[in-house]
Amino acid sequence: MAARPSTKRPARPAAPAPVASPAAKPLALVYLLGWLIPGGGHLWLGRSMKGLVFLAMLPVMFVIGLALDGRLFPFTPGDPLVALAAVANIAAGLPYFIAQALGFGAGRVLSVTYEYGNAFLICAGLLNALVIIDAHDIALGRK
């Protein structure tokens, strides 16, 4: 009788355990830069291509929202949906404060593009929040 070939696979060499590297940059600074300047956290962490894409696209998205007669919502705790929209607007960072200082973002409800403008403004802030979370993961070495 012939010996039956073994179906066991040879053992793979064990992969080296991931090394937990401490954050080279202070996390608070990564958060602050990422919030104020869209893509700033990535630029600070040396991910220049991603940072430049975010730096270009998120403010452009914010400006498109303003151009479409979108509204920068005031923070009113009595109206939860307006308060959430205001938090999303503030999450856009420096573009929000510049628009507020220049008096933009009053919104024109009768404009055909009003809701589209609001969507652009809110999405720009929410995307910046996701970019900050991505910078957090990079700073902790998860990416």
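The figures here come from the full heavy-atom set of this structure, side chains too, leaving out hydrogens, waters and symmetry mates. None of these values were measured; they are calculated from a predicted model.
The line from OH of Tyr31 to CD1 of Ile133 is 9.5 Å long, rounded to the nearest 0.5 Å. To the nearest 0.5 Å, atom OG1 of residue Thr113 and atom CG of residue Asn118 are 9.5 Å apart. Between Leu27 atom CG and Leu32 atom CG the span is 12.5 Å, to the nearest 0.5 Å. The structure places CD1 of Ile132 at 10.0 Å from CG of Leu33, a figure rounded to the nearest 0.5 Å.
Residues Met61 and Cys123 come closest through the heavy atom pair CE-CB, 3.4 Å. When all heavy atoms of Pro38 and Ala92 are compared, the pair lying nearest together is CG-O, 3.8 Å.
Taking a 6.0 Å sphere around OH of Tyr116, one finds it holds 12 or fewer heavy atoms contributed by other residues, nucleotides or ligands.
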Side-chain polar contacts of residues 44-59 - donor-acceptor pairs under 3.5 angstrom, sequence neighbours left out - could you list them?
{"residue": "Arg47", "atom": "NH2", "partner": "Lys143", "partner atom": "O", "Å": "3.3"}
{"residue": "Lys50", "atom": "NZ", "partner": "Asp134", "partner atom": "OD2", "Å": "2.9"}

Donor-acceptor pairs under 3.5 angstrom involving side-chain atoms of residues 96-107: please list them, not counting sequence neighbours.
{"residue": "Tyr96", "atom": "OH", "partner": "Gln100", "partner atom": "NE2", "Å": "3.1"}

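Sequence neighbours left out, the pairs with a member in residues 68-81 that pass side-chain hydrogen bond (donor to acceptor under 3.5 Å, both in side chains) are Asp69-Ser111. Here side-chain hydrogen bond (donor to acceptor under 3.5 Å, both in side chains) pairs that include residues 52-68, with residues two or more places apart or in two chains, number zero.
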- Would Ile90 and Trp35 count as a side chain to side chain contact (heavy atoms under 4.5 Å, CB included) if you check the C-alpha gap in whole Å, the side-chain angles of each, and the deciding distance to 0.1 Å? CA-CA 9 Å; Ile90 292 169; Trp35 171 62; 4.0 Å; yes

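Linking ILVMFWY residues whenever their side-chain heavy atoms come closer than 4.5 Å, directly or via other members, leaves Ile138 and Leu127 in distinct clusters. The hydrophobic clustering, which links ILVMFWY residues whose side-chain heavy atoms are closer than 4.5 Å, places Val63 and Val131 apart.
Think of Phe75 as one node in a network of Ile, Leu, Val, Met, Phe, Trp and Tyr side chains linked at under 4.5 Å; its network also takes in Val87. The hydrophobic cluster around Leu126 extends to Phe73, Val82, Val109, Tyr114, Ile122, counting ILVMFWY residues whose side-chain heavy atoms fall within less than 4.5 Å of a member.
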